[in-house]
Amino acid sequence: MSALETLTPPKEGQRIEINNGRLTVPNQPIIPFIEGDGTGPDIWRASQRIFDAAVRLAYGGKRRVVWFEVYAGEKANKSFGSWLPEDTLRAFQHYVIGIKGPLTTPVGGGFRSLNVALRQLLDLYACVRPVRWFEGVPSPVKHPEWVDVVIFRENSEDIYVGLEHPSQSPEAKKLIEFVRKEFGWKVRDDAGVGLKPMSPFGTKRLVRKALRYAIEHRRKSVTIVHKGNIMKYTEGAFREWGYELAREEFGGQTVTWDDVQKQHGGKVPAGKILIQDYIADVTFQHLLTRPKDFDVIATGNLNGDYLSDAVAAQVGGIGMAPGGNISDHHAVFEATHGTAPKYAGLDKVNPGSLTLSGVMMLEQLGWNEAADTIIKGMEKTFKQKVVTYDLARLMDGAKEVKTSEFATAVIDNMA
Ligand code: NAP
């Protein structure tokens with residue numbers, strides 16, 4: 001893609017570069033952001049203050065993010081007559097790492113989704129969702145402190161790729177006729193039909209990313225979650241390819257559940273990461289009843305979608321779950337909830353999801369001290385029961401604060 005046409009980049013700061021397969025992060029990286037629609041500006045303002053304060057505190061002025069606003073959604077439509085200007089895509093591509101608030105999905109067709117466009121342009125093949133509990137945050141389960149998982153959801157394959165035709169359409173009829181004739185498959189004449197592609201390439205790069213993360217962050221296990229008992233050549237193959245990758249590329253660092261039982265007396269040898277697999281439906285049960293069994297999870301697109309939201313609900317729900325869409329180098333971090341339009345401009349909603357997405361972003365930059373500073377501030381704030389309305393209504397003795405006041409409390413608690 002070519003240079004920016006309508007946007008002027010900041011005069012200060014430098015671009016993050018990719019050199020020899022690694023990120024080179026300057027002390028003043030330019031980071032494009034989209035504040036988002038609805039409550040987006042509220043949670044962006046609060047989160048940005050937290051990010052800047054944490055970086056200042058951690059590096060005493062030596063490092064600083066140079067923010068570069070780019071546009072999508074309603075704001076872009078008003079200013080540029082487009083829901084998704086090309087320059088926004090160019091900026092995310094050029095500056096490598098970016099962050100975004102929630103965007104309105106216009107009703108009716110004919111527009112391009114930013115997430116889909118970015119995912120395709122930058123090949124953001126892993127959707128990463130860390131889920132942990134903060135002490136004090138209300139939860140529907142007895143032991144939310146047992147939940148500490150990072151879900152790596154494959155983002156580019158599976159039933160989600162949109163290869164489908166509606167019931168009764170000429171295309172669906174043609175496809176049904178084809179598979180009936182060629183493979184002897186029985187599909188009802190009036191069925192809608194879709195394709196579920198899953199490949200060794202797509203699976204292995206996802207599992208590789210999950211394993212690298214587990215190694216770098218000293219996690220205990222990587223669980224491959226699949227529905228291979230029913231869909232053998234897609235979900236079942238995902239499991240096989242996952243194990244194959246672990247064996248081929250991480251043989252010295254991993255140990256399978258089988259080997260632990262047969263060769264190591266049921267104990268994972270020190271320094272090794274357990275690689276195991278679980279059927280998806282059992283995973284839903286066990287994440288509820290014995291979440292300690294899970295650490296890093298690698299799974300397909302559909303399973304990952306459901307699992308991420310289900311486990312997020314266990315630790316405080318929608319206002320708190322961060323996410324990142326990541327390729328080998330490019331990454332876009334985002335609030336995982338929507339625009340919550342009825343609260344727009346009220347300075348009311350929880351900025352936690354976007355703030356924690358920023359924590360993931362700082363970790364991606366290698367600025368772990370700043371990331372840890374924010375976590376420390378949030379931990380202390382929740383312990384003090386200083387929370388926004390969504391959590392206050394579920395807590396006894398909470399002090400309900402506005403979005404901006406929550407940010408101030410987090411900043412005060414970071415020192
Ligand atoms: P939503 O915006 O996620 O809001 C649904 C409910 O979730 C809110 O009414 C609120 O519940 C709670 N909630 C959401 N964000 C919160 C926050 N930061 N703090 C506390 N509570 C929060 O879902 P929606 O109303 O279905 O969607 C609205 C728009 O967002 C649509 O245009 C949709 O397409 C879009 N959307 C965008 C994204 C994205 O950009 N990533 C994702 C999903 C949806 P209570 O009212 O019960 O307090």
Side-chain angles (χ1 to χ4, degrees), residues 33-48 50 70-77 83-84 88-89 92 98-119 124 127-129 134 137-140 153 155 160 301 304-306 308-310 312-313 315-326 331-361 378 381-382 386-395 398 400-407 409-410:
F33 72 94
I34 296 168
E35 61 175 13
D37 296 326
T39 49
D42 292 339
I43 58 173
W44 173 258
R45 261 193 307 275
S47 298
Q48 190 187 1
I50 295 175
V70 299
Y71 303 89
E74 287 166 9
K75 202 166 172 181
N77 197 35
W83 288 88
L84 178 53
T88 299
L89 295 174
F92 278 109
I99 185 164
K100 64 177 273 286
L103 293 170
T104 304
T105 312
V107 179
F111 66 93
R112 245 182 347 154
S113 144
L114 173 72
N115 278 356
V116 174
L118 281 175
R119 200 177 303 148
L124 305 170
C127 175
V128 183
R129 296 271 298 262
F134 285 89
V137 172
S139 154
R153 163 187 167 197
N155 231 352
Y160 274 36
N301 215 336
D305 192 2
Y306 296 162
S308 309
D309 275 16
V315 297
I318 191 159
M320 293 283 294
N325 290 308
I326 304 180
V332 180
F333 297 90
E334 65 174 347
T336 55
H337 55 72
T339 58
K342 64 184 172 186
Y343 302 121
L346 300 184
D347 195 19
K348 184 176 174 75
V349 296
N350 191 341
S353 174
L354 189 59
T355 307
L356 290 168
S357 303
V359 168
M360 292 175 74
M361 185 191 79
M378 287 181 80
T381 307
F382 288 128
V386 173
V387 289
T388 44
Y389 85 98
D390 52 316
L391 300 180
R393 68 187 165 188
L394 302 169
M395 285 163 86
E400 182 180 328
V401 293
K402 296 175 177 200
T403 314
S404 55
E405 292 167 340
F406 178 79
V410 171

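Just so you know, ligand 1 is whichever comes first in the structure, and atom 1 is the first atom listed for that ligand. The analysis underlying the following values was restricted to heavy atoms, covering all of them including side chains, and did not include hydrogens, waters or symmetry mates.
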After noting the C-alpha distance and the side-chain angles of M378 and L356, does the key distance pass the side chain to side chain contact (heavy atoms under 4.5 Å, CB included) rule? CA-CA 9 Å; M378 287 181 80; L356 290 168; 3.7 Å; yes

At under 4.0 Å between heavy atoms, what of P351 touches ligand 1? The answer is neither

Indicate yes or no: does D390 engage R393 in a salt bridge with an N to O separation below 4.0 Å. no

Heavy-atom closest pair (A72 atom, I34 atom, distance to 0.1 Å) is CB-CD1, 3.9 Å

I need the contact type for R393 against ligand 1. Using non-hydrogen atoms and a strict under-4.0 Å cut-off, is it side chain, backbone, both or neither? side chain

Measure the shortest side-chain to side-chain distance between M360 and E334 over non-hydrogen atoms and say whether it is less than 4.5 angstrom. no

Going by distance alone, is a donor N or O of one side chain under 3.5 Å from an acceptor N or O of the other, for T339 and D37? no

Protein heavy atom at shortest distance from atom 3 (O) of ligand 1: G338 N, 2.7 Å

Pairs of nitrogen or oxygen atoms closer than 3.5 Å, one from I43 and one from ligand 1: do any exist? no

Is the closest side-chain heavy-atom distance between N155 and N325 below 4.5 Å? yes

Please verify whether a non-hydrogen atom of P341 lies at under 4.0 Å from ligand 1. yes

What residue and atom, counting heavy atoms only, is the protein's closest point to atom 12 (C) of ligand 1, and at what distance? I318 CG2, 3.8 Å

Closest to atom 8 (C) of ligand 1 among protein heavy atoms sits A340 CB, 4.2 Å

Within a distance of under 4.0 Å, is there any protein heavy atom near atom 30 (O) of ligand 1? yes

Can you tell me how far CG of L354 sits from CE of M361, rounded to the nearest 0.5 angstrom? 9.5 Å

What protein heavy atom sits nearest atom 46 (O) of ligand 1, and how far away is it? Y343 OH, 2.8 Å

If every non-hydrogen atom of I326 is compared with every non-hydrogen atom of A331, which pair is closest and at what distance? CG1-CB, 4.0 Å

Shortest protein heavy-atom distance from atom 33 (C) of ligand 1, along with the residue and atom involved: T105 OG1, 3.8 Å

Is there a protein heavy atom at a distance of less than 4.0 Å from atom 27 (O) of ligand 1? no

Protein non-hydrogen atom below 4.0 angstrom of atom 35 (C) of ligand 1 present: yes

Heavy-atom proximity to atom 19 (N) of ligand 1 ranks first, among N350, D37, D42, T104, for N350

E400 vs M395, test: side chain to side chain contact (heavy atoms under 4.5 Å, CB included). Steps then yes/no. CA-CA 10 Å; E400 182 180 328; M395 285 163 86; over 6 Å; no

What atoms in ligand 1 come closer than 4.0 Å to a heavy atom of L103? 35 (C), 36 (N), 37 (C), 39 (C), 40 (O)

Geometric class of the W44/F33 ring pair [parallel <30°, tilted 30-60°, perpendicular >60°]: parallel

SB check D305 R153 (cutoff 4.0 Å): yes

Yes or no, since that's all I need: does a protein heavy atom fall within a distance strictly under 4.0 Å of atom 5 (C) of ligand 1? no

Atom 21 (N) of ligand 1: protein heavy atom closer than 4.0 Å? yes

Note: T339, heavy atoms under 4.0 Å from ligand 1, region reported as both

Quick one: pull up OG in S353 and CZ in R129 and give me the separation to the nearest 0.5 Å. 7.5 Å

Which residue holds the protein heavy atom closest to atom 11 (O) of ligand 1, what is that atom called, and what is the gap in Å? Y389 OH, 4.0 Å

Report the C-alpha separation of E74 and W83 in whole Å, then their side-chain angles, then the decisive distance to 0.1 Å, and conclude whether the side chain to side chain contact (heavy atoms under 4.5 Å, CB included) test is met. CA-CA 6 Å; E74 287 166 9; W83 288 88; 3.7 Å; yes

State the atoms of ligand 1, each with its element, that fall below the 4.0 Å cut-off from a heavy-atom position in D390. 20 (C)

If I apply the N/O under 3.5 Å rule, does G101 come out as touching ligand 1? no

Against heavy atoms of K342, which atoms of ligand 1 measure under 4.0 Å? 9 (O), 46 (O)

